[in-house]
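The structure appears right after this line, and notes come after that.
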Amino acid sequence: MIFIRYEKWRSYLRYYPVTCALILANVIMFIVLTFNGGSTNLYTLVDYGATVNVGPEKEELWRYATAMFLHNGFAHLFFNCFALLVFAPPLERLMGWWRYALLYLAGGFLANLLGVAVSSRGDLGIVSVGASGAIYAVYGAFFYIAVLQREMMDESSRKTLYGVLVMGIIMSFATPHVDYVVHIGGLIAGFFLYGLMIRVFKRNRR
């Protein structure tokens, strides 16, 4: 089972530096928001880089990256960081730190871009933040492995992944104020980005 963490903290920090850096960045930005208006204040979120589907902010591409490191409330931060802590490390070991970082950031960027593009068709102004799109890109990479590189994932891990995806998609539609388009977009982006990257960036896999 690849989704059970056996490592001690020192080993975790050494083996998964990018995952640790991502979690730390999320926590630091949450603290910054807390002391500058609050992480649930929409104006604060916009000021610090949330995506917005209307107005001039919609055209500011940097927001599609910065929004990945902002969270609306502690529960939002906790669940995303927990997902990173538990599920992301095997992919970092498999791909190598910089390939993994590239997939995470590119997947999150594309997911946020798709989320804004779809929500722009409606009449409501929507402010969106969170690492969920990038995390679903990680799930998308694992889904590629589970379906097309089956020898690289044991059956127990495959079943766990399918369960997480089914529950995640259901909750994305059932939970109010959750941008399901970003989640699905991240999943699709991660699937195809991983398939592209393993062809472009050759790496010996163990």
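Sequential numbering from 1 along the given sequence is applied to the chain's residues. Computed from a prediction, not measured in an experiment: that's the story for all the values here.
From His177, atom NE2 reaches atom CG of Asn72 across 9.5 Å, with rounding to the nearest 0.5 Å. Rounded to the nearest 0.5 angstrom, Ile28 CD1 and Ile23 CD1 are separated by 12.0 Å. Interatomic distance, CD of Glu155 versus OG1 of Thr160, reported as 10.0 Å (0.5 Å rounding). Between atom CG of residue Leu22 and atom SG of residue Cys81 there is a gap of 9.5 Å, rounded to the nearest 0.5 Å. Arg99 CZ to Leu91 CG: the interatomic distance, rounded to the nearest 0.5 Å, is 12.0 Å. For the atom pair Thr40 OG1 and Leu45 CG, the distance stands at 7.5 Å (nearest 0.5 Å).
No donor-acceptor pair under 3.5 Å is formed between the side chain of Ser128 and the backbone N or O of Thr51. The closest donor-acceptor contact from the side chain of Arg5 to the backbone of Leu85 lies at 3.5 Å or more, if one exists at all. Using a distance-only test at 3.5 Å, with no hydrogens or angles considered, a donor-acceptor pair links the side chain of Ser39 to the main chain of Gly73. In this structure, the side chain of Asn53 does not engage the main chain of Val118 through any donor-acceptor pair within 3.5 Å. With hydrogens and angles disregarded, no donor-acceptor distance shorter than 3.5 Å links the side chain of Ser172 to the backbone of Val178.
Met95 has its side chain within reach of Tyr194: a pair of non-hydrogen atoms, C-beta onward, lies under 4.5 Å apart. Contact of the Leu114 side chain with the Ile184 side chain is not registered, since no non-hydrogen atoms from C-beta on lie closer than 4.5 Å. Counting only heavy atoms from C-beta outward, the side chains of Leu161 and Ile145 never approach each other to under 4.5 Å. A 4.5 Å side-chain heavy-atom check between Thr19 and Tyr12 finds at least one atom pair inside the cut-off. A 4.5 Å side-chain heavy-atom check between Phe69 and Tyr48 finds every atom pair outside the cut-off. Residues Leu61 and Tyr64 form a side-chain contact, since some pair of their non-hydrogen atoms from C-beta on lies under 4.5 Å apart.
Using a 4.5 Å cut-off between side-chain heavy atoms of Ile, Leu, Val, Met, Phe, Trp and Tyr, with links allowed through other members, Leu103 and Val200 fall into the same hydrophobic cluster. Note: the hydrophobic cluster containing Val164 also contains Phe173 (ILVMFWY, side chain heavy atoms under 4.5 Å, direct or indirect links). In the hydrophobic cluster analysis, where Ile, Leu, Val, Met, Phe, Trp and Tyr join through side-chain heavy atoms closer than 4.5 angstrom, Trp98 is grouped together with Leu24. Both Ile2 and Tyr136 are assigned to one and the same hydrophobic cluster, defined by single-linkage of ILVMFWY side chains at heavy-atom distances under 4.5 Å. With hydrophobic clusters built from ILVMFWY side chains whose heavy atoms lie under 4.5 angstrom apart, Leu193 does not share a cluster with Val182.
Centroid-to-centroid, the aromatic rings of Phe142 and Phe3 come within less than 6.0 Å.
Minimum interatomic distance between Val129 and His76 (heavy atoms only, all atoms of both residues): O-CE1, 3.3 Å. Between Gly37 and Asn41, the shortest heavy-atom contact is O-CB, 3.3 Å. Taking every heavy atom of both residues into account, Phe87 and Pro90 meet most closely at O-CD, 3.3 Å. Smallest separation of non-hydrogen atoms from Ala67 and Asn112: CB-ND2, 4.1 Å. The two residues Tyr144 and Arg199 have their closest heavy-atom pair at OH-NH1, 2.9 Å. Taking each heavy atom of Met68 and Phe109 in turn, the nearest pair found is CE-N, 3.9 Å.
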Between Phe79 and Phe82, does a ring pair (Phe, Tyr, Trp, His ring centres under 6.0 Å) hold up when you go through it step by step? CA-CA 5 Å; Phe79 286 113; Phe82 178 80; 7.8 Å; no
Would Asp47 and Thr44 count as a side chain to side chain contact (heavy atoms under 4.5 Å, CB included) here? Give the steps. CA-CA 5 Å; Asp47 286 344; Thr44 300; 5.5 Å; no
What do the steps show when you test Arg150 against Arg158 for side chain to side chain contact (heavy atoms under 4.5 Å, CB included), and what is the final call? CA-CA 9 Å; Arg150 293 179 63 85; Arg158 195 157 33 245; 3.5 Å; yes
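Inspection of the Ser132 and Asn80 side chains reveals an N or O donor paired with an N or O acceptor under 3.5 Å. Side-chain polar atoms of Tyr6 and Ser11 form no donor-acceptor pair below 3.5 angstrom.
With respect to Arg63, the side-chain contact (heavy atoms from CB on, under 4.5 Å) criterion is satisfied by exactly one of Leu113, Val46, Leu70: Val46.
Around the OH atom of Tyr180, the shell of radius 6.0 Å holds no more than 12 heavy atoms that belong to other residues, nucleotides or ligands. In the displayed structure, Trp62 atom CH2 is contacted under 6.0 Å by more than 12 heavy atoms of other residues, nucleotides or ligands. Atom OH of Tyr162 sits in a crowded spot, with more than 12 heavy atoms from other residues, nucleotides or ligands closer than 6.0 Å.
Relative ring orientation between Phe191 and Phe143 is described as tilted, the plane-to-plane angle lying within the 30° to 60° band. Aromatic ring pairs are classed by plane angle as parallel below 30°, tilted from 30° to 60° and perpendicular above 60°; the pair Tyr100 and Tyr104 is tilted.
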